[in-house]
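Working notes, structure below.
Values reported hereafter were calculated over all heavy atoms of this structure, with side chains retained and with hydrogens, waters and symmetry mates removed. Sequence lines set the chain letters: A, B, ... in the order given, protein chains first and strands last, and positions in each chain run from 1. This one's a predicted model, so the numbers in the text were calculated from it and none came from an experiment.
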Amino acid sequence: MEPNYDPQQIEAKWQQRWAEQKLFETEADAARKKYYVLEMLPYPSGDIHMGHVRNYSIGDALARYMRMKGFNVLHPIGWDAFGLPAENAAIKSQRHPAEFTFAHIDRMRAQLKRLGFSYDWRREFATCVPEYYRWNQWFFLQMYQRGLAYRKHSRVNWCPKCCTVLANEQVVDGCCWRHEDTPVVEKELEQWFLKITAYADQLLDHMKLLLRWPERVLAMQQNWIGKSFGTEVEFTVEALGRPLRVFTTRVDTIFGCTAVFIAPEHPLVEEIIARSPSVEHLLHLRSEVERVKASAVRARVEVNLEKQGISTGFTARNPYNGESVPLWVANFVLMEYGTGAVMAVPAHDQRDFEFCTAYGLPIRTVIVPARKSVRIGEMVIVRRGTSRTPTCDLGERRAIIREVDDNSYLLDFGEDIGGFGPDGRTWRVNEGDFDPIESDEPTAPDTPTSAYVEYGRLIDSGPYTGLTSQQAIERMTRDAEAQGFGKGTVQYRIKDWGISRQRYWGTPIPMIYCGACGVVPVPEKDLPVILPPHVTFTGTGESPLAQVPEFVRTTCPQCGGPARRETDTMDTFVDSSWYFYRYTDPKIDTAPINREKVRYWFPVDQYIGGIEHAILHLIYMRFFTKVMKDIGLVDSPEPVARLFTQGMVIKDGAKMSKSKGNVVDPTEMCAKYGADTVRLYMLFAAPPEKDLEWSDAGIEGASRFLQRVYRLVGRHAGSVRTVTAATTSEISDAGGGPAGLSAEERRLLRKAHQSLRHVTDDMEGRWHFNTDIAILMEFVNELVEMEPGLAAGSIHPSVLKNALEILVLLLALFSPHVADELWEALGHSEALLEVAWPQYDAALAAEEELEIPVQWNGKLRARIRVPAGASEDEIRRRALAEPKIAQALDGRQPAKVIVVAQKLVNIVVK
RNA sequence: GCGAAAGUGGCGGAAUUGGCAGACGCGCCAGACUUAGGAUCUGGUCCCGUAAGGGGUGGGGGUUCGAGUCCCCCCUUUCGCACCA
């Protein structure tokens, strides 16, 4: 009678034993190689969901593998415990957010423990305790001292449902990132900002250090930072005598500028209205500008809103050609990007084109396609005076293109032209220094129907006519700088991080407002500024802290006079921007982090989490690290060496969520199948970086597999448990190598070592756990198939034990409880986590005989079996002798026979 | 529009460097054991064809002895950014 697989009993037993043995506890140890596995810390929402299980199952497989490989592994977990949901629940039930938060943490901790992840629980902490958040305040003060935290009155994004401000990163499609159907409104508020823009260049530059981050994440961050090079050009508003700076990336098109557009919020707009020639005109202008402004606000929520504008009646002078062009207010111009003013070049910008067409403004073409593309070997005409260094008048000559790279070409003149080229007759020139012989004379199209936005060659552009766009941009920017009406500049899309939240459940911003001294930071010795426990939640949009007089009323640290505290709290993304440093010494109370421990454990070797944090968390975290490096707290500018972003867990085509009602509860699944099955299924159903579609039938399959393994090992444990397993080297040495074993034994060990090889290689490389588990299934299938041979005694128990041990050991990465149970059944007393990961034996894994497909003109026609070491000649002979082939050949000679060693034969016949 | 990823059986997915397309699992079909089976075990399962054989990895071209894989063009889907000047 076979014992039944009882995951509940097995898992409880091993979880208890692991805890008793303190198996997951680690300490820094300079003598050992370290490995830091980090999974994104969960928000205590109340229940662990399948996305967490997937995340942590991946991390745990890696942590266990690295442990068995002999690394000193740090594998911590904690709680991102401040935040809105707890506060919203508190408003509803009139209980304290801390109550919810800690109850949720207790519950989720139990759920995580039920899943058996190998966390060092001693390092657990929640970010909502003063021992942690005082350091948020400390960081804030450090940044304030360095001018990296500042207060500014500004237009901010406000979510009416959250009743608080949102950072730019928290606005998704014009809506709140938590409430995807709630449009964000704009509000004017005094807010605290962190100067992430000061690190924009570093954030961009250091991406080159992030070699093992997914391309996708880097692309998204690069996009978000949005660095663009351009030129600032100073126009003059003539009647006002006022300078008006515009930003452009295409100064080469400026001779085609037929208007200047400014944003409705531009400071000049007020002045323009005030200087209107008549009251009537003033009123008209004012109402029109308001209308445009209103449409602009909507445009930021809706995409592709109609372009609207109003002529101001004023003109602006273009410093390049002295021309006066009309000045318009336009709804699509953003005050917060560039200078809030743009030059309108309708011929070469699609938005300008649409606007100018709608309002009847002139369109002037100044860029034409440079020419048709040239190819190596083509004949071209080089223009008189073309030169690179050194200067030389080439006159008009014919040349052949020899080489092409980015923008330069190697021309061959076929004769010596003065010894400047590499061999006296070749010359390297820029694009635009020559014309292809057949190229048409560049001319402007008669009536353009859309803007020509590509680079090209300039026409009708005064002294710059004839240059290519690239050349013109460079030269025109230089000229503007020389003459003082412009300069080359860099623009970023990223904005400073607004961290003020008009909410209770967060870190109080440690600032004091004094009537006499102004804004005064809380002295470091007075930290932490404690969140007062008793507050009334109004949900009205003012910070609840403002309603607590004993919190607000304080004395000024500078003058001792009466003062009030800042009542806003910090964005919770501050909490998660440095928590991973804290795990190395979570209780330290003299500094935010323990530098020595950080030096040992950092960088995080592997960070694992959802792609949804590609911009938010992962950019804030990088920013914090850079500030910490500048403060001298850490050595490296980047905290995470390798990032892995797992896919989402999907059910019925949509991400699992309470609102969609398609949630599968991991805890229920644990009760039904056991944690080992849930974890195994999470890793088996899809490769970890792809989305995973939940299937009830699928998890049944995973459960059946574990039962099958359990029964299989159980059937043989009795007969091998007292036997000493043959070691791999003993097996290799037996009778002078694998040859000393029976064919059945060799077959068994081959499969075992092939499986070991596959899983080892995969853990070191691709992380396709789904294929690892498939290999384990094949291994089990093969073992079951071989059972008659076992009964017949053709496999020595010590060999069988070796194979079973490899099976159980591999399983330990994915389903650790049942693996330990079976390991024990095989006669061991230690947990598998303490067993060294074995090296596979290439000789044992090698196939003895190969089945080689024989193709006939690329189509499979036959198969031959040959010994693994067969020579090409032998394989060719065997293939040609194969009856089907010989028959098809019918005495003819094949045109060609291709033999790929170990792989295939292809017989080519005409 | 820009950037990234992806498109393979009824389904999830395999095929690491160009070399047997569909591993493994789910589902389905048949059988065994059973009073019974939603348990377990055995066999089958890309399509057309009785067969020999032929077709087949979103579509179209190309390179190659040989293409899911490489190149060119196109289509579709997902994700991120987006009147960013």
Which residue pairs pass the ring pair (Phe, Tyr, Trp, His ring centres under 6.0 Å) test with at least one member in residues 683-713 of chain A, sequence neighbours excluded? A:Y5-A:Y710, A:Y681-A:W694

Output all residues satisfying side chain to side chain contact (heavy atoms under 4.5 Å, CB included) with A:D349, sequence neighbours left out; order by chain, then residue number. A:R351, A:D352

Strictly below 4.0 Å: does A:R351 bring a side-chain N or O up to OP1 or OP2 of B:C84? yes

For atom P, what is the distance between B:U77 and B:G58, given to the nearest Å? 16 Å

The criterion is side chain to side chain contact (heavy atoms under 4.5 Å, CB included); which residues satisfy it with A:R878, sequence neighbours excluded? A:I864, A:V866, A:P867, A:E874

Whenever both distances are under 3.5 Å in a Watson-Crick or G-U wobble pair, mark it; put RNA chain B into dot-bracket that way, with [ ] for crossing pairs and | when the partner is on another strand. (((((((..(((......[....)))((((((.......))))))(((....)))..(((((..]....))))))))))))....

How long is the line joining CZ of A:R766 and C1' of B:U17, in whole Å? 12 Å

In whole angstroms, the gap separating C1' of B:G13 from CG of A:D772 amounts to 14 Å

Rounded to the Å, how far apart are A:E785 CD and B:G43 C1'? 12 Å

Classify the glycosidic conformation of B:G80 as syn or anti, calling it syn when the angle lies within 90° of 0. anti

Ignoring hydrogens, what is the shortest heavy-atom contact between A:N223 and A:R493? Give both atom names and the distance. O-NE, 3.6 Å

Which value, in whole Å, describes the distance between the P atoms of nucleotides B:G53 and B:C72? 38 Å

Could you measure between the two P atoms, the one in B:A6 and the one in B:G61, and give it in whole Å? 25 Å

Under 4.0 Å between any heavy atoms, over every strand shown, what does A:N857 touch: base, sugar-phosphate, or nothing? Just pick one. nothing

For residues 852-863 of chain A, run the donor-acceptor check on the side chains, cut-off 3.5 Å, and write out each pair with its distance to 0.1 Å, sequence neighbours left out.
from   : atom 1 : to     : atom 2 : distance (Å)
A:N857 : OD1    : A:V909 : N      : 2.8
A:N857 : ND2    : A:V909 : O      : 3.1

When the C1' atoms of B:C75 and B:G9 are compared, how many Å lie between them, rounded to an integer? 22 Å

Protein-proximity profile, nucleotides 19-28 of chain B, B/S/- by nucleotide at the 4.0 Å heavy-atom cutoff, equals BB--BBSSS-

Using the P atoms only, state how far B:A14 lies from B:A67, rounded to an integer number of Å. 23 Å

Which value, in whole Å, describes the distance between the C1' atoms of nucleotides B:A23 and B:G68? 15 Å

side-chain hydrogen bond (donor to acceptor under 3.5 Å, both in side chains) partners for A:T771, two or more places apart: none

Regarding A:V908, tell me which of base, sugar-phosphate or nothing describes its non-hydrogen contacts under 4.0 Å with the strands shown. sugar-phosphate

In whole angstroms, how far is the P atom of B:C83 from the CZ atom of A:F261? 17 Å

Please state how far atom CZ in A:R861 lies from atom C1' in B:G66, giving the value in whole angstrom units. 15 Å

With sequence neighbours excluded, what pairs up with A:D496 under the side chain to side chain contact (heavy atoms under 4.5 Å, CB included) test? A:Y150, A:F193, A:K195, A:I196, A:T197

Tell me, do A:V905 and A:I907 make a side-chain contact under 4.5 Å, heavy atoms counted? yes

Show me the side-chain donor-acceptor pairs of residues 772-782 of chain A shorter than 3.5 Å, one per line, residues at least two apart or across chains.
from   : atom 1 : to     : atom 2 : distance (Å)
A:D772 : OD1    : A:H758 : ND1    : 3.2
A:E778 : OE1    : A:K751 : NZ     : 3.0
A:N781 : OD1    : A:R708 : NH2    : 2.5
A:N781 : ND2    : A:M777 : O      : 3.4
A:E782 : OE2    : A:R747 : NE     : 3.0

Round to the nearest Å and state the distance from A:D691 atom CG to B:G7 atom C1'. 14 Å

Let me know, please, whether A:R250 or A:M220 comes out on the 5' side of the other along RNA chain B by nearest nucleotide. A:M220

A:K896 side chain N/O closer than 4.0 Å to the phosphate oxygens (OP1, OP2) of B:C65? yes

Provide the distance between the two C1' atoms, one in B:A32 and one in B:A51, to the nearest whole Å. 31 Å

